[in-house]
Each structure stands twice: as C-alpha cells, then as structure tokens.
Amino acid sequence: MTEANASTKADSTPAAPEPARPSNFIRDTIIEDLKTGKYNGRVWTRFPPEPNGYLHIGHAKAICLDFGLADEFGGGTNLRFDDTNPEKEETEYVESIMADVKWLGFEWEGLYYASDYFQQLHDWAVQLIKADKAYVDDLSAEEIRKHRGTLTEPGKESPFRSRTVEENLDLFARMKAGEFPDGSRVLRAKIDMASPNLNMRDPVMYRILHAEHHRTGDKWCIYPMYDYAHGQSDSLENITHSMCTLEFEDHRPLYNWFIQELGIFPSQQMEFDRLNLTYTLLSKRKLLQLVQEKRVSGWDDPRMPTLSGIRRRGYTPEALRNFVANIGVTKTNGTLELAMLEHFVREDLNRSAQRVMAVVRPLKVVIDNYPEGQTEEMDAVNNPEDESAGKRKVPFSRELYIEQDDFREIPPKGYFRLSPGKEVRLRYGYFITAQSVVKNDKGDVTEVHVTYDPATRGGNAPDGRKVKSTIHWVSAAHAINAEARLYDNLFSKEDPNDVPEGQDFTANLNPNSLETVTDAKLEPSLKSALPGARYQFERLGYFCVDTDSKPGAPVFNRTVALKDTWAKKQSK
RNA sequence: UGGGCCGUCGACUAAUGGUAGGUCAAGUGCCUUUGGAGCACUUUGUCUAGGUUCGAAUCCUAGCGGCCCAGCCA
C-alpha cells in the first residue's frame with residue numbers, strides 16, 4: 001500500500017475524454033425517479049466495503065457505478081465502511097481501501113463507518129422491542145438453525161418468541177451491559193418463521209461479541225448484523241440509491257422491512273451482476289488463501305486481481321474506468337473474457353506510454369564493418385500516437401543486443417526477421433545483413449556477425465529498397481542491465497474453480513505465471529525511471545517500474561504484452 | 001423439492017411492441033521504420049413450444065437451462 005503514492009505520481013492520465021455513459025437498468029431507474037420526483041431530484045449513493053481485505057477489480061465495477069451514477073446526476077457518494085464484525089476488520093484495510101478508491105480517481109463526499117451508528121442502531125432496536133417487533137432469543141446457534149426450517153419446509157417459532165416487551169427490554173439491556181457470554185443470546189426481528197424467504201424467518205439483529213473493534217474498542221459487546229445495519233445506515237445518510245450485487249436480492253424485503261417499521265428515510269436497494277473474469281478469482285477468501293499459502297508474494301503481487309496488484313502491474317485507473325464503462329450493468333451473471341480487460345489496458349497505454357527500446361532476451365550482434373569505438377546518437381520518436389511527446393537520442397555502436405527471437409539461423413516460413421543473408425532494419429538505425437554466427441559448445445548461437453549499409457542511417461535506403469522487418473536493439477556498451485518480470489495468467493484454466501473432485505482451485509495455478517529475466521538490456525534513457533512509471537518496450541509490451549527497484553538495479557513488470565500476430569500465426 | 005433472479009453472435013451488452021446494433025475475440029485485406037497502432041471489410045445470435053398482436057428479443061403460459069438463499073459473515 002505504501003507504493004500507492006509513488007504510482008499515483010507517475011500517472012499520466014490528466015485530460016480524460018468525455019466518459020461514456022452507457023445506458024443500463026439502474027441508470028434508467030434513477031432517471032425515472034428523477035422524473036417522478038421520488039427523492040426530490042436528489043441522487044446520493046454509497047460505496048460500502050467491509051474493511052476485512054483488499055479491494056479487487058470486482059469492487060472497481062461497484063465503485064465506478066456508485067460514484068459514476070451519482071456524479072452524472074449531480075449528486076454525491078459516501079464512502080462507508082461496513083464495520084459491523086469486529087473479528088474480521090482492521091485499520092490496515094481501511095487505509096488500503098481509501099487509497100484504492102482515490103487511485104481509481106474518485107472522491108467521496110462523506111466518510112462514514114457503520115460503527116458511527118452503533119448507538120442509533122441500538123436505540124432503534126429498543127424501539128422495535130417496544131413495538132413487539134423484536135425479541136431476545138436464548139436458543140443456541142445450532143438450535144436457531146434447526147428452527148429455521150429448510151428451503152422447502154417452514155421454520156418453527158422459538159419458545160422465547162413470546163417473551164414480554166419488558167422482559168425483552170431487560171434482557172437486551174443486559175446483553176449490552178455484558179452480562180452474558182458470546183453466543184448465549186441474540187436479538188431477533190419478529191417477522192415470519194414460515195416465510196418462503198429465509199431471510200424473513202426472524203433474522204438475527206444483534207449478537208454478543210466480546211471483541212475489540214478497530215474503532216470503538218471495547219465500548220460495545222453486542223454488534224448489529226449486516227441486515228440490521230445496512231439499510232438503516234443508508235437511511236441515516238439519506239442514500240437514495242443503494243447498489244449492491246445480485247446475491248442480496250433476497251435481502252431486499254428485509255432491508256425494506258426495517259426501514260418501514262422504523263419509519264425512516266426510504267433508501268432503495270438495487271442489485272446488479274457481479275463481475276467475473278476468465279482466468280481470475282475474485283473471492284476475498286480465496287485471494288487471502290493465496291497470500292497466506294505464499295502462492296503469491298502478497299496482496300499486491302502483480303498477478304493478483306486486487307487493485308493494489310493491478311496497480312503494481314502497471315494498469316491505469318483510466319483503463320479500468322473505461323473497462324467498467326463498457327462492460328455493462330445487468331442482472332445476468334456471466335463471465336467476461338480477460339481479453340476485454342487487456343484491450344482497455346492496451347488502448348490506454350498505447351496513447352499514453354512512452355516508447356523505449358529494451359531487449360529482454362539478449363543476443364549479441366557485431367557489425368563487422370562498423371568503425372570500432374564509434375558511437376552515434378540516433379533520433380527516436382517517444383510516442384507515435386502523441387507528437388507532443390517529442391524525441392530522444394539513443395546511442396548506437398558496433399556491438400548491440402537484439403532479441404533472441406529476432407534471429408533464426410534457419411528461418412521458418414513467413415519469418416521476416418534476421419537470418420543469414422537477410423537484410424532487416426534496426427529501428428532508427430541502419431539496415432543490416434546477417435553474415436555469420438558464433439556458437440557455443442551446445443550449438444546455440446551466441447553471437448551474430450552482420451554488415452551494415454552506411455547509406456541507410458536513420459532507417460531509410462536512398463535507393464528505395466524495402467526491408468520486411470524492423471527490429472529493436474540496444475547498444476551493448478550503453479545498455480542498462482535490468483530485471484524483467486514477465487507475467488502470465490495466475491491460473492491456467494478459464495474457470496479456476498473447475499477442478500477434479502477432492503482438489504481445490506490451487507490445482508489450477510499456472511506454474512508459469514511469473515518468469516523472471518535478470519539480464520534484460522535497456523536503452524540508457526531509462527536510467528532515471530521512477531517506480532510506477534510506465535513504458536512501452538517496443539515490439540514487446542507495456543512495462544512498469546516495480547517498487548522492488550533499487551538504484552542501479554531496476555525491476556520492470558510486464559503489464560501486458562503487445563498483440564503479436566506472428567506468434568499467433570506460429571502457434572497454429 | 002420452497003422462494004428470488006436470469007436466458008440475445010464465441011464473450012459482454014443494446015434494442016423499453018416497429019430495421020436485431022455496438023465492444024471484445026476470431027478472420028480477410030490495406031497501410032506501416034513496432035508482425036504494434038490505425039483503416040476497411042467479413043463470419044456467427046434472440047433457449048424451446050404454444051399464445052396475444054397488423055407486427056414479439058420485448059407481453060402471456062408452459063417447459064428447459066443457469067445463478068443465489070437454510071452464518072450469531074458481509
């Protein structure tokens with residue numbers, strides 16, 4: 001999380017184009033509410049994470065929706081931490097969540113905590129008890145479960161359901177006073193044990209938990225459940241449209257029940273589909289498992305779908321926002337192809353990232369007819385998509401590195417790059433022709449000897465002859481050595497949860513999700529690259545300076561590779 | 001087997017009783033000092049069966065399929 005600032009500083013996304021405002025059913029409802037004056041023209045939303053883990057790309061969808069919709073209609077959004085379970089929540093998570101929301105580019109109006117409302121929630125509970133709408137139940141968790149019935153059978157009423165208001169008031173007060181041990185009693189709403197909706201079968205409102213809360217300390221030993229806290233928190237903040245994911249649809253009647261019985265501001269809950277991505281897991285529990293079992297280096301491992309991981313990987317907030325704006329909001333649950341996300345990352349980086357030449361798997365090239373000891377400064381374009389990015393000088397000399405993939409002693413069909421007798425262009429340099437190779441004991445080519453045509457300086461032949469391929473290079477004498485971390489999908493299956501009986505999702509972990517190359521060669525302009533800075537390594541992909549970089553020992557993360565039609569053709 | 005929600009190109013989504021369109025992916029061509037980017041073009045779709053209607057992806061009925069719910073988690 002500490003690197004949040006560094007990466008933010010390196011963001012190059014100032015002038016955002018007019019964001020797309022695609023229509024969706026939630027937006028339509030808001031427009032309708034505006035028309036009918038339901039909330040007097042007000043639109044106020046909230047983003048309500050529980051501070052029990054790091055935000056991931058699924059949350060990014062919710063954030064963009066909550067903030068985006070409110071913003072579009074002139075309203076605002078509160079950030080509210082849903083901290084009703086002291087056993088899982090920590091301040092560390094609160095801080096990371098705030099940093100992630102800001103990084104995504106959003107500003108909240110109010111900053112609240114459900115724990116701010118503990119007193120009010122308690123007073124409302126007393127009110128419901130007095131109205132005979134809530135009661136203290138002495139049944140154990142196990143017994144409550146048994147009484148709840150099943151999906152097809154109605155539940156049975158608890159023997160404690162008919163307690164008098166006075167007794168309930170007394171017992172609830174003593175629960176609050178700490179007279180009873182954890183789990184010994186709960187406060188329940190008195191609704192309908194026969195309801196086909198299990199959430200309405202006298203849901204638990206309060207449980208006893210003698211636990212230290214990250215904000216209220218030991219002030220409370222009874223804590224409200226999500227269902228009892230969420231709607232009322234929305235109501236207290238005058239939230240008009242409370243968006244959440246589909247699995248809460250069954251909770252809406254209960255959400256409305258509390259608001260109705262209490263006669264408070266009628267916030268409305270609306271549900272949309274959760275984001276699913278191929279090759280990706282978006283479950284806090286499973287992501288935590290990856291961290292705990294050290295399958296990844298941490299929550300911010302660049303292979304993680306967490307916002308901190310994605311940020312470190314080099315994704316831009318702009319790309320994420322564009323992605324979310326284009327995937328739609330519906331009630332169908334599907335799975336998006338990861339390629340869709342990558343498209344928006346490439347699209348954004350293509351227009352913003354400075355181009356640079358870097359060789360990830362170096363192969364030495366010696367230009368036999370180039371003067372020894374001579375160095376030239378070649379002009380290179382910083383960003384062909386953005387003329388204002390200007391140009392830079394790149395040193396050229398007799399010994400260079402090129403990509404191992406860019407030379408084949410025996411070229412396959414359709415291979416345009418360097419091979420014996422073939423001429424190619426060194427980008428911004430000269431045309432060269434391969435003459436001979438040097439091999440090691442194993443027969444691997446370790447060095448290619450070439451000749452160059454001095455008349456082609458800059459990359460154009462005066463006689464107009466064409467060359468089929470342009471390859472990148474780095475002058476050996478001027479190269480900066482770097483570590484490059486090449487990432488692939490964390491899971492090798494589209495659906496990481498698709499495993500044989502008896503195995504868990506870790507069976508689908510991709511053993512090649514990280515390849516570390518330690519002798520990448522970079523052009524010298526990269527010498528002062530700061531952590532978080534993003535570049536396009538020409539012909540290879542987008543790379544971002546990792547926070548593990550040390551002075552003189554830079555580390556680059558490959559954010560996403562460039563599209564590679566040659567590789568695609570070859571794999572067929 | 002109760003309740004809730006949902007089925008549109010390979011994926012995601014639009015069409016709100018009136019021309020099934022867009023994005024991604026895939027493919028073809030053009031262009032190219034990144035086999036990048038760009039440009040042009042192309043392929044494939046309304047789960048099924050009935051019904052209402054001049055007209056149905058849209059409304060109704062039934063079937064089929066998928067997701068969610070039996071925490072003192074959120």
Side-chain angles (χ1 to χ4, degrees), chain A residues 20 22-25 28 48-50 52 82-85 87-89 137 139-142 144-146 148-155 182-188 195-201 203-209 223 225-227 229-230 244-253 271 273-274 278 284-285 326-344 346-347 350-351 355 357 380-381 384-385 414-417 425-429 458-460 466-472 536-541 561-570:
Chain A
S23 163
N24 63 61
F25 75 98
D28 292 345
E50 182 187 15
N52 69 341
D82 220 334
D83 56 351
T84 56
N85 185 354
E87 293 177 324
K88 290 188 174 179
E89 296 145 7
D137 196 344
L139 253 28
S140 69
E142 169 78 354
I144 286 181
R145 188 174 58 75
K146 281 184 184 153
R148 187 152 28 226
T150 68
L151 294 178
T152 52
E153 301 162 74
D182 289 4
S184 58
R185 275 176 239 259
V186 291
L187 183 71
R188 292 229 252 170
S195 171
N197 181 347
L198 269 49
N199 293 117
M200 300 300 272
R201 319 241 263 228
V204 171
M205 295 162 59
Y206 271 93
R207 74 282 215 188
I208 301 171
L209 241 34
Y223 290 92
M225 298 287 291
Y226 165 86
D227 282 312
H230 203 95
C244 62
T245 42
L246 252 22
E247 68 270 26
F248 290 99
E249 270 176 323
D250 289 342
H251 294 243
R252 187 169 3 111
E271 310 87 7
D273 62 321
R274 201 180 255 284
T278 54
K284 270 188 195 173
R285 202 202 93 228
N326 282 279
I327 58 177
V329 181
T330 65
K331 289 167 95 81
T332 22
N333 32 39
T335 303
L336 277 149
E337 288 172 351
L338 190 58
M340 182 81 109
L341 208 211
E342 292 180 337
H343 162 79
F344 285 99
R346 288 194 187 97
E347 181 189 63
N350 176 52
R351 61 175 166 244
R355 316 285 124 129
M357 290 201 284
V381 173
E385 306 291 321
Y415 187 81
F416 303 151
R417 282 110 98 149
R425 171 168 37 233
L426 291 174
R427 178 146 231 226
Y428 304 124
N460 281 311
K466 302 280 188 218
V467 101
K468 275 216 146 162
S469 174
T470 300
I471 65 176
H472 61 279
Q536 183 196 101
F537 287 5
E538 293 221 25
R539 303 209 304 132
L540 297 178
L562 249 32
K563 284 212 234 164
D564 188 344
T565 52
W566 166 241
K568 195 184 287 175
K569 205 180 293 178
Q570 240 189 342

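By convention in this document, chain letters (A, B, ...) are assigned in the order of the sequence lines, proteins followed by strands, and residues within each chain are numbered from 1. Values below: all heavy atoms of this structure, side chains included; hydrogens, waters and symmetry mates excluded.
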Please enumerate all protein N or O atoms sitting under 3.5 Å from an N or O of nucleotides 71-73 of chain B, with distances to 0.1 Å.
unit_1 : atom_1 : unit_2   : atom_2 : d
B:G71  : OP2    : A:Arg148 : NH2    : 3.2
B:C72  : OP1    : A:Arg148 : NH2    : 3.2
B:C72  : OP2    : A:Arg148 : NH1    : 3.2
B:C72  : N3     : A:Gly183 : O      : 3.3
B:C72  : N4     : A:Leu139 : O      : 3.0
B:C72  : N4     : A:Ala141 : N      : 3.1
B:C72  : N4     : A:Gly183 : O      : 3.0
B:C73  : OP2    : A:Arg207 : NE     : 3.1
B:C73  : OP2    : A:Arg207 : NH2    : 3.0
B:C73  : O3'    : A:Arg207 : NH2    : 3.1
B:C73  : O2'    : A:Asn85  : ND2    : 3.0

Short heteroatom pairs, N/O only, protein and nucleotides 65-68 of chain B, under 3.5 Å:
unit_1 : atom_1 : unit_2   : atom_2 : d
B:C67  : O2'    : A:Asn333 : ND2    : 3.0

If you measure from the P atom in B:C67 to the same atom in B:A62, how many Å do you get, rounded?
22 Å

For A:His343, the ring-ring contact (aromatic ring centres under 6.0 Å, His included) test, sequence neighbours excluded, returns none

What base-paired stems does RNA chain B take part in, with at least 3 consecutive Watson-Crick or G-U wobble pairs and both distances under 3.5 Å?
B:2-7 with B:64-69, B:10-13 with B:21-24, B:26-30 with B:38-42, B:47-51 with B:59-63

Can you check the distance between B:U8 and B:U28, where both ends of the measurement are the P atom (answer in whole Å)?
29 Å

Touch check for A:Glu249, heavy atoms < 4.0 angstrom, all strands: base, sugar-phosphate only, or nothing?
sugar-phosphate

Under a 4.5 Å cut-off applied to non-hydrogen side-chain atoms, are A:Leu540 and A:His472 in contact?
yes

Within the sub-3.5 Å range, which N or O atoms of nucleotides 27-30 of chain B have a protein N or O partner, and how far apart are they?
unit_1 : atom_1 : unit_2   : atom_2 : d
B:G27  : OP1    : A:Lys572 : NZ     : 2.1

Need one value for A:Phe537: base, sugar-phosphate or nothing, where a base atom within 4.0 Å counts as base even if backbone is also close, heavy atoms only.
nothing

Which part of the nucleic acid, if any, lies within contact of A:Leu336, taking any heavy atom under 4.0 Å across all strands shown: a base, the sugar-phosphate backbone alone, or nothing?
sugar-phosphate

Given A:Glu142 and A:Ser140, is the side-chain hydrogen bond (donor to acceptor under 3.5 Å, both in side chains) satisfied, shown in steps?
CA-CA 5 Å; A:Glu142 169 78 354; A:Ser140 69; over 6 Å; no

How would you label the contact of A:Pro49 with the nucleic acid (heavy atoms, under 4.0 Å): base, sugar-phosphate, or nothing?
nothing

Under the ring-ring contact (aromatic ring centres under 6.0 Å, His included) test, which residues partner A:Tyr415, sequence neighbours left out?
A:Trp566

Could you please name the option among B:U34, B:G35, B:G2 that lies closest to any side-chain atom of A:Glu538?
B:U34

Among B:A74, B:U34, B:C12, which is the nearest nucleotide to the side chain of A:Arg427?
B:U34

Let me know which of A:Thr84, A:Asp83, A:Leu209, A:Ile208 forms a side-chain contact (heavy atoms from CB on, under 4.5 Å) with A:Tyr223.
A:Leu209

side-chain contact (heavy atoms from CB on, under 4.5 Å) assessment of A:Ile471 paired with A:Arg539
CA-CA 8 Å; A:Ile471 65 176; A:Arg539 303 209 304 132; 3.5 Å; yes

For a quick test of reading the model: is some side-chain N or O of A:Lys284 closer than 4.0 Å to OP1 or OP2 of B:A74?
no

Separation of the C1' atoms in B:U19 and B:U34, to the nearest angstrom:
42 Å

Taken in chain and number order and not counting sequence neighbours, the residues that satisfy salt bridge (Lys or Arg N to Asp or Glu O under 4.0 Å) with A:Arg252 are A:Glu271

Could you check whether the side chain of A:Arg346 and the base of B:G36 have a donor-acceptor pair of N or O atoms closer than 3.5 Å, going by distance alone?
no

If I pick the C1' atom on B:U16 and the same atom on B:C59, what distance separates them, to the nearest angstrom?
12 Å

Can you give me the closest heavy-atom contact between A:Cys244 and A:Phe248, atom names plus distance?
SG-CB, 3.6 Å

Could you work out which one of B:G35, B:A70, B:A74 sits closest to the side chain of A:Leu151?
B:A70

Just by modelled atom types, is the A:Arg425 backbone N or O under 3.5 Å from a matching donor or acceptor in the A:Thr470 side chain?
no

Residue-phosphate contact under 4.0 Å: A:Thr330 side-chain N/O, B:C6 OP1/OP2
no

For A:Thr332, answer base if it contacts any base atom (sugar-phosphate contacts may also be present), sugar-phosphate if it contacts only those atoms, and nothing otherwise; contact means non-hydrogen atoms under 4.0 Å.
sugar-phosphate

Applying side-chain contact (heavy atoms from CB on, under 4.5 Å), can you list everything that pairs with A:Thr332, at least two apart in sequence or on another chain?
A:Thr330

Is A:Glu153 side chain donor-acceptor paired with the B:G2 base, going by distance under 3.5 Å alone?
no

Report yes or no: does A:Arg427 contribute a side-chain atom to a donor-acceptor pair with the main-chain N or O of A:Gly459 at less than 3.5 Å?
no

Can you check the distance between B:G18 and B:A74, where both ends of the measurement are the P atom (answer in whole Å)?
45 Å

Side-chain atoms of A:His251 come closest, of B:C24, B:U34, B:A74, to B:A74

Return the polar atom pairs (N/O with N/O) between nucleotides 42-47 of chain B and the protein under 3.5 Å, or none.
none

Taking the P atom of each, how far is B:U61 from B:G7, in whole Å?
16 Å

Spacing of the C1' atoms in B:A14 and B:U52 (rounded, Å):
26 Å

Suppose we screen for salt bridge (Lys or Arg N to Asp or Glu O under 4.0 Å). Which residues come up paired with A:Arg207, at least two apart in sequence or across chains?
none

Just to be sure I understand the rule, does A:Gly429 reach a base, reach only the sugar-phosphate, or reach nothing, if contact means heavy atoms closer than 4.0 Å?
nothing

Set of residues satisfying salt bridge (Lys or Arg N to Asp or Glu O under 4.0 Å) with respect to A:Glu249, sequence neighbours excluded:
A:Lys331

Please report, rounded to the nearest Å, how far the C1' atom of B:A11 is from the CG atom of A:Asp273.
14 Å

Between CZ of A:Arg425 and P of B:U32 the distance, given in whole Å, is 11 Å

Those residues that, when tested against A:Arg355, pass salt bridge (Lys or Arg N to Asp or Glu O under 4.0 Å) (two or more places apart)
none

5'-most contact on RNA chain B (nearest-nucleotide basis), A:Thr152 vs A:Trp566, goes to A:Thr152

Measuring only the P atom in each nucleotide, how far is B:G45 from B:U32? A whole number of Å is fine.
36 Å

Working for side-chain contact (heavy atoms from CB on, under 4.5 Å), residues A:Asn85 and A:Tyr226:
CA-CA 9 Å; A:Asn85 185 354; A:Tyr226 165 86; over 6 Å; no

Mind checking A:Asn199 for me? I need base, sugar-phosphate or nothing, with any heavy atom below 4.0 Å counting as a touch.
nothing

Does A:Glu385 contact B:G36 through a side-chain donor or acceptor facing the base, at a distance under 3.5 Å?
yes

Determine the contact category for A:Gln536: base if any of its heavy atoms lies under 4.0 Å from a base atom, sugar-phosphate if only primed atoms, P, OP1 or OP2 are that close, otherwise nothing.
base

Any side-chain N or O of A:Arg539 less than 4.0 Å from the OP1 or OP2 oxygen of B:G35?
yes

Is the glycosidic torsion of B:G71 within 90° of 0, making it syn, or is it anti?
syn

